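Following: one structure in structure tokens, then a few remarks.
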Amino acid sequence: MPPGAENPAESEVSSLQVFSPTHPQQGQWYNNNNPSFRWKLNPDILGVSFDFNQDKDTVPDTQSEGFIEFKDYMNIPDGVWYFHIRRENNQGWGKTISYKIQIDSHSPDLFEISVDNAGDSTNPKPNLYFETNDKTSGVSKYRLKIGEADFIDLLLAQVNPFTLPVQVPGEKTVLVRAIDQAGNITQSDAVINIEAIASPRITIWPETFISGEETLYIEGETLPQSEISVYLQKGGKIYKEWHITSNDKGEWFLLTKDLIESGTYSLTAGVKDKRGAESQLSDPKVIKVSFNGLNIVFLMITFKELTALLFIIITLGILWLGAMFLKTKQFKKTIKKEADEARESLSQSFDILEKEIERKIGMLDKEPGLNKEEQNIFNDLKKATKTARDSIGKEIEDVEEKLK
């Protein structure tokens with residue numbers, strides 16, 4: 001077989017599998033410039049020949065490197081490289097197998113961050129301008145960190161400019177990392193300083209206040225159509241807070257009947273304009289509060305509410321007792337009425353029974369009137385009927401007596 005020709009018996013030999021533990025994905029960039037290659041040989045193989053270059057069409061020569069199953073390289077320059085290998089058996093040399101790797105061991109170019117607040121030092125959303133290049137694999141993405149917050153990922157289309165989310169007043173450092181396709185990083189930083197807008201003024205407030213009796217009224221001035229946050233603090237902690245909006249003239253007021261525990265409080269206010277820019281808190285005002293009521297754990301009840309509650313309870317109690325009395329009286333009246341009706345019905349029933357007994361006895365002999373024997377039977381039945389009438393009547397009288 002001529003040198004360099006492929007072995008026609010190659011199809012009878014299992015295909016050669018080449019892989020790289022340092023660069024496992026052929027289409028991916030790596031910052032490792034010390035590549036390694038591995039393969040497995042069948043016992044019938046006599047040796048291998050390989051080459052490593054940047055020409056994807058290279059065919060290794062027919063000079064055997066022996067029966068080996070690995071090859072390592074050191075300090076390879078950046079770029080796209082190909083490892084080519086072919087093997088020899090007793091019938092000659094087989095076809096070439098190529099494995100591609102991509103190396104980028106250098107970081108993107110250095111860059112600067114430019115901060116643009118559009119000429120307004122209170123602008124809470126300044127623009128950042130930054131961009132860089134990576135000559136080998138190219139920039140993949142940017143990562144941004146504002147102050148103590150976590151890094152966030154930015155796509156390339158999100159920069160130049162990148163508008164910061166709303167920031168509170170103060171100075172903080174912005175970090176930007178440019179990351180190439182191989183994971184190499186170049187970092188730059190800049191300082192942003194957001195100035196606070198003017199704080200609102202508290203012009204009217206009570207120096208003393210009776211919670212539970214009075215309405216808390218606070219008045220002040222600030223920017224037009226802005227959101228004001230009013231804070232009532234005690235012991236350095238916020239006890240109450242309210243949110244209101246100023247009118248077109250920048251006037252604002254707070255009117256609330258919220259219950260407040262007794263104590264000395266610090267009253268402050270802050271403002272946020274339509275852009276989201278914020279102020280520092282205003283100078284504190286002192287309010288001494290007295291609570292007119294009972295404070296039980298987390299439950300606050302004013303004396304007015306307590307009086308109203310007791311009045312409601314007493315009224316409900318009286319109504320309940322009255323209802324029970326009326327119900328009992330109505331019950332007795334109903335039973336007495338039923339007893340009277342039972343007595344009347346009983347008398348009528350026994351009258352009818354006596355007449356029916358007399359009529360039935362007279363029918364026995366078809367003669368008018370009663371003979372002596374019939375009269376005796378009638379008298380016995382009448383006596384028994386009277387006894388029954390009297391016994392039932394006595395029970396009805398006992399019921400009526402108990403209802404008095």
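Just so we're clear, the structure is a prediction, and the values are computed from it rather than from any experiment. Residue indices begin at 1 and follow the sequence shown.
- Residues Glu195 and Ser121 bring a donor and an acceptor atom of their side chains to less than 3.5 Å of each other.
- Looking only at atom types and distance, the side chain of Asp72 has a donor-acceptor partner in the side chain of Ser36 under 3.5 Å away.
- When all heavy atoms are compared, the tightest approach of Glu69 to Leu41 is OE2-N, 2.9 Å.
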Full working for side chain to side chain contact (heavy atoms under 4.5 Å, CB included) between Leu144 and Arg177 = CA-CA 7 Å; Leu144 176 76; Arg177 290 177 177 174; over 6 Å; no
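- Note on ring orientation: taking the six-membered ring where Trp is involved, the planes of Tyr239 and Tyr265 are tilted (angle from 30° to 60°).
- Remark: the Gln167 side chain and the Lys172 side chain contain an N/O donor-acceptor pair separated by less than 3.5 Å.
- Side chain to side chain, Thr58 and Asn53 meet the donor-acceptor criterion of an N or O pair below 3.5 Å.
- In the model, Thr163 has a side-chain atom that pairs as donor or acceptor with a side-chain atom of Asn127 under 3.5 Å.
- Between the side chains of Thr132 and Asp109, no donor-acceptor pair of N or O atoms lies under 3.5 Å.
- In this model, no donor atom of one side chain and acceptor atom of the other lie less than 3.5 Å apart for His106 and Asn31.
- Note that the CH2 atom of Trp205 and the OH atom of Tyr217 stand 13.5 Å from one another [nearest 0.5 Å].
- Checked against the 6.0 Å centroid threshold, Phe83 and Tyr99 do not count as a close aromatic pair.
- With salt bridges taken as basic N to acidic carboxylate O contacts below 4.0 Å, one links Arg275 and Asp120.
- Residues forming a side chain to side chain contact (heavy atoms under 4.5 Å, CB included) with Thr136 (at least two apart in sequence, or on another chain): Trp29, Asp78, Asp104, Asp134.
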Chi angles and distances behind the ring pair (Phe, Tyr, Trp, His ring centres under 6.0 Å) call for Phe52, Tyr82 | CA-CA 6 Å; Phe52 184 57; Tyr82 299 89; 9.0 Å; no
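- Counting non-hydrogen atoms of other residues, nucleotides and ligands closer than 6.0 Å to NZ of Lys125 gives a total of 12 or fewer.
- In the model, His243 has a side-chain atom that pairs as donor or acceptor with a side-chain atom of Glu241 under 3.5 Å.
- Taking every heavy atom of both residues into account, Trp252 and Glu221 meet most closely at NE1-N, 3.1 Å.
- A donor-acceptor pair under 3.5 Å is absent between the side-chain atoms of Ser98 and the main chain of His84, judged by distance alone.
- The distance from the NZ atom of Lys145 to the CZ atom of Phe151 is 6.0 Å, given to the nearest 0.5 Å.
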